[in-house]
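Being a predicted model, the structure only gives us computed values, none of them experimental.
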Protein chains: 2
Amino acid sequence: MVEAKPGKKSDRVTIREVAEDAGVSVAAVSKVLREAYGVSESLRNKVRASMDKLNYRPLASARGMRGQTYTLGLILPDIRNPFFADILAGVNSALERTQYQLMMGTSHSHGPAEEAMIEAMIDRQMDGIILIGTTKYVDRLGHLARQKPLVAIGHHAKSNTDFDTVNNDDQLGARLVVKHLLANGFRNIAMLSLATTTSTILAERELGYRREMIEQGVGENINIVRSPQTLREVQIAARRLLGGPDRPEALFCWTDFIALEVISVATELGLSIPGDLAIVGYDNTMYCDFAQNALTSVDQSGELLGLQSARLLIERVRGRGEAEHFVVTPRVVARNSSKRRAV
Amino acid sequence: MVEAKPGKKSDRVTIREVAEDAGVSVAAVSKVLREAYGVSESLRNKVRASMDKLNYRPLASARGMRGQTYTLGLILPDIRNPFFADILAGVNSALERTQYQLMMGTSHSHGPAEEAMIEAMIDRQMDGIILIGTTKYVDRLGHLARQKPLVAIGHHAKSNTDFDTVNNDDQLGARLVVKHLLANGFRNIAMLSLATTTSTILAERELGYRREMIEQGVGENINIVRSPQTLREVQIAARRLLGGPDRPEALFCWTDFIALEVISVATELGLSIPGDLAIVGYDNTMYCDFAQNALTSVDQSGELLGLQSARLLIERVRGRGEAEHFVVTPRVVARNSSKRRAV
DNA sequence: CTGAAAGCGCTTACAG
DNA sequence: CTGAAAGCGCTTACAG
């Protein structure tokens, strides 16, 4: 009488049982599983039939002990930013017909969690990692990439050869915003950026803003305010900027999420948008379309970025060695928040 | 001359190297790692020193072959819903000082992805799984829970003995909304619910709405509209409901996310809130506080739910057998969107 | 308290 | 084309 152990995986079908059922060797089953070369049609069919019949599913960790786990990791810096949902949609659609599964982790901005998350994913044998909006870990990214396929979204490193990058042209995006606002009659344009010393995309956006302001002859109005991401800090920064006497005519915010908070502060201060203040965001997330926001924003095709990053990562996992750097061209999507004022 | 293989993990320190360095057996190192009984102070110290010195990190998949992977899975139905960020914050804080790492997966509403995600997590040896807002898979949940520790958030199953549940009292939440709206002078209250046949939390909220409407003597105004989650479908449903001649005075939406879309539609229709229409959401997410939304909502303490679910899951992983069902009491957070109209 | 050996479920050379 | 055997890095009884 065989008593099932109270253990949790007692009912799991193994490759050995499939092999027995199909009357072949364990190695043969493994080959069919990996779609490896040198398996006859008939053997493959027998094995497939047994796998289906027994409802076999390979154990990823066991596979990972020698080969791949068929698991890709995605690290998000902040799950609250709705832009990441767009990226994720793209990643998911790229993975749809593949064997790969996506596992996500978040790195809280406070603490050393980003590094910890990367290590956790390496320890869990992810075949490759997609990193979004790298910040602190930047310097060690090359070292990491040499031991694990890596794609960075939202981190400019064109000259790097160890990992791929996927970006929109952030400098251009910021330039387009300045152009758009000037075209609509706003000349005193400030920028609300992120307090960071390591984000290359913010550096690019600030650079684009500066350059375009200067080239358009409104360089004397350049004003970059930097704030951390927390709700409280953004509100404080926005109140200070908008409550004072030298309030700008327009404010370019580095991401929609923050722009929505600015709209809130402006509304509370009794400012009308765009009458008293024009606001532009970045990422063109779904909230921009809501009538109560009607937020002009820069579309950087988040879904495409996600799609492309997953494709590149799989290529890397399969052996590609040279780095690729994918860049998409952004465009301004104009809405009410930056409309030309009635004269 | 030993040449490092081009393989990716050549630099990984193993338990064997730690054992050699410390001058003990591999089994001893394993025991220290697991903080198992029967290890002398001095042996432990030696091993710990070697682990630090060599910068040893255990490979989760190897551990999982016999024991635990120290990885917990969290399955989200829709990453766009900001409520899940609150839950996640709670889960993360519960895991902070533990050995466990969280890996998240999303199940797209379209397709059989929810089931696929659960299987993917089982195949990846998660020690336990937190499931948010279960829908289709409900009937097989018991079977699943018998092979893997499981906690469900947002799924009522008090009589179930195989897994834990973590919820707010959804029926009460809906009742409180009706009470609040009536107290503010709104009598013709409709409800915008989710098109689902399996969600128990929606069933509870609908029940609470119905019962309270009847008990308060406005049963003749009961009107439940059900819509899928997609932006398009919600807009269509909202336009039909709000554009018609028999527009309700107030609309209770099943989640904030949907309520924000309704605010958008109402705004586009030229309706003022709450002048022409009061709106109430559920979950009290951060967007409610934005002045342009000022959305009254039901707070179900998402962070607490997340915290509690992680704690319960770890207890289960450690062997607890009986089911626990945690319920938190919701409360209405009143904002401008449901303010009493000026007479 | 400590360690040698078997084994978890796969993949990978290597023979045949 | 097919399979027997070794091995991935851990944990788990089991001896000592």
Taking atom [atom2] of [N] as reference, at what distance in whole Å does atom [atom1] of [X] sit?
{"X": "A:L59", "N": "D:dG9", "atom1": "CG", "atom2": "C1'", "answer": "14 Å"}
{"X": "B:R124", "N": "C:dG9", "atom1": "CZ", "atom2": "P", "answer": "17 Å"}
{"X": "A:R63", "N": "D:dG9", "atom1": "CZ", "atom2": "P", "answer": "18 Å"}
{"X": "A:Q125", "N": "D:dG9", "atom1": "CD", "atom2": "C1'", "answer": "9 Å"}
{"X": "B:D123", "N": "C:dG9", "atom1": "CG", "atom2": "P", "answer": "13 Å"}
{"X": "B:I122", "N": "C:dG9", "atom1": "CD1", "atom2": "P", "answer": "15 Å"}
{"X": "A:E20", "N": "C:dG9", "atom1": "CD", "atom2": "C1'", "answer": "14 Å"}
{"X": "B:R57", "N": "D:dG9", "atom1": "CZ", "atom2": "P", "answer": "14 Å"}

Look through every strand shown and name the nucleotide pairing with C:dA4 as Watson-Crick or G-U wobble, where both distances are under 3.5 Å.
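Looking at the geometry, C:dA4 pairs with no nucleotide.
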Both distances under 3.5 Å, Watson-Crick or G-U wobble: report the partner of C:dA13, or none.
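Checking every strand shown, C:dA13 finds no partner, since no pair has both distances under 3.5 Å.
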For the pair A:R140 and A:E115, evaluate salt bridge (Lys or Arg N to Asp or Glu O under 4.0 Å) and give the outcome as yes or no after the intermediate values.
CA-CA 10 Å; A:R140 254 168 300 180; A:E115 183 168 347; 2.9 Å; yes
Check: protein-nucleotides 2-6 of chain D nitrogen or oxygen pairs below 3.5 Å:
unit_1	atom_1	unit_2	atom_2	d
D:dT2	OP1	A:S40	OG	3.0
D:dT2	OP2	A:S40	N	2.9
D:dT2	OP2	A:S40	OG	2.9
D:dG3	OP2	A:S25	N	3.1
D:dG3	OP2	A:S25	OG	3.3
D:dG3	O6	A:K31	NZ	3.0

Start with the C-alpha gap between A:H325 and A:T165, add the side-chain angles, then the distance that decides, and say whether side chain to side chain donor-acceptor pair (under 3.5 Å) holds.
CA-CA 5 Å; A:H325 300 287; A:T165 63; 2.7 Å; yes
Output yes when at least one side-chain N/O atom of A:R34 is less than 4.0 Å from OP1 or OP2 of C:dC10, else no.
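A:R34 to C:dC10 OP1/OP2: no side-chain N or O under 4.0 Å.
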Can you name the nearest heavy-atom pair linking A:R34 to A:Y70, along with the distance?
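Nearest pair, atom of A:R34 first, then A:Y70: CG-OH, 4.2 Å.
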Rounded to the nearest 0.5 Å, how far does CE of B:M103 lie from OG1 of A:T71?
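Spacing of OG1 (A:T71) from CE (B:M103) equals 10.0 Å.
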Check whether any side-chain heavy atom of [X] sits under 4.5 Å from a side-chain heavy atom of [Y], and report yes or no.
{"X": "A:F84", "Y": "A:I132", "value": "yes"}
{"X": "B:R63", "Y": "B:T69", "value": "no"}
{"X": "A:K31", "Y": "A:R44", "value": "no"}

What nucleic acid atoms does B:S30 come within less than 4.0 Å of, heavy atoms only: base, sugar-phosphate, or nothing?
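Since a base atom lies under 4.0 Å of B:S30, the category is base.
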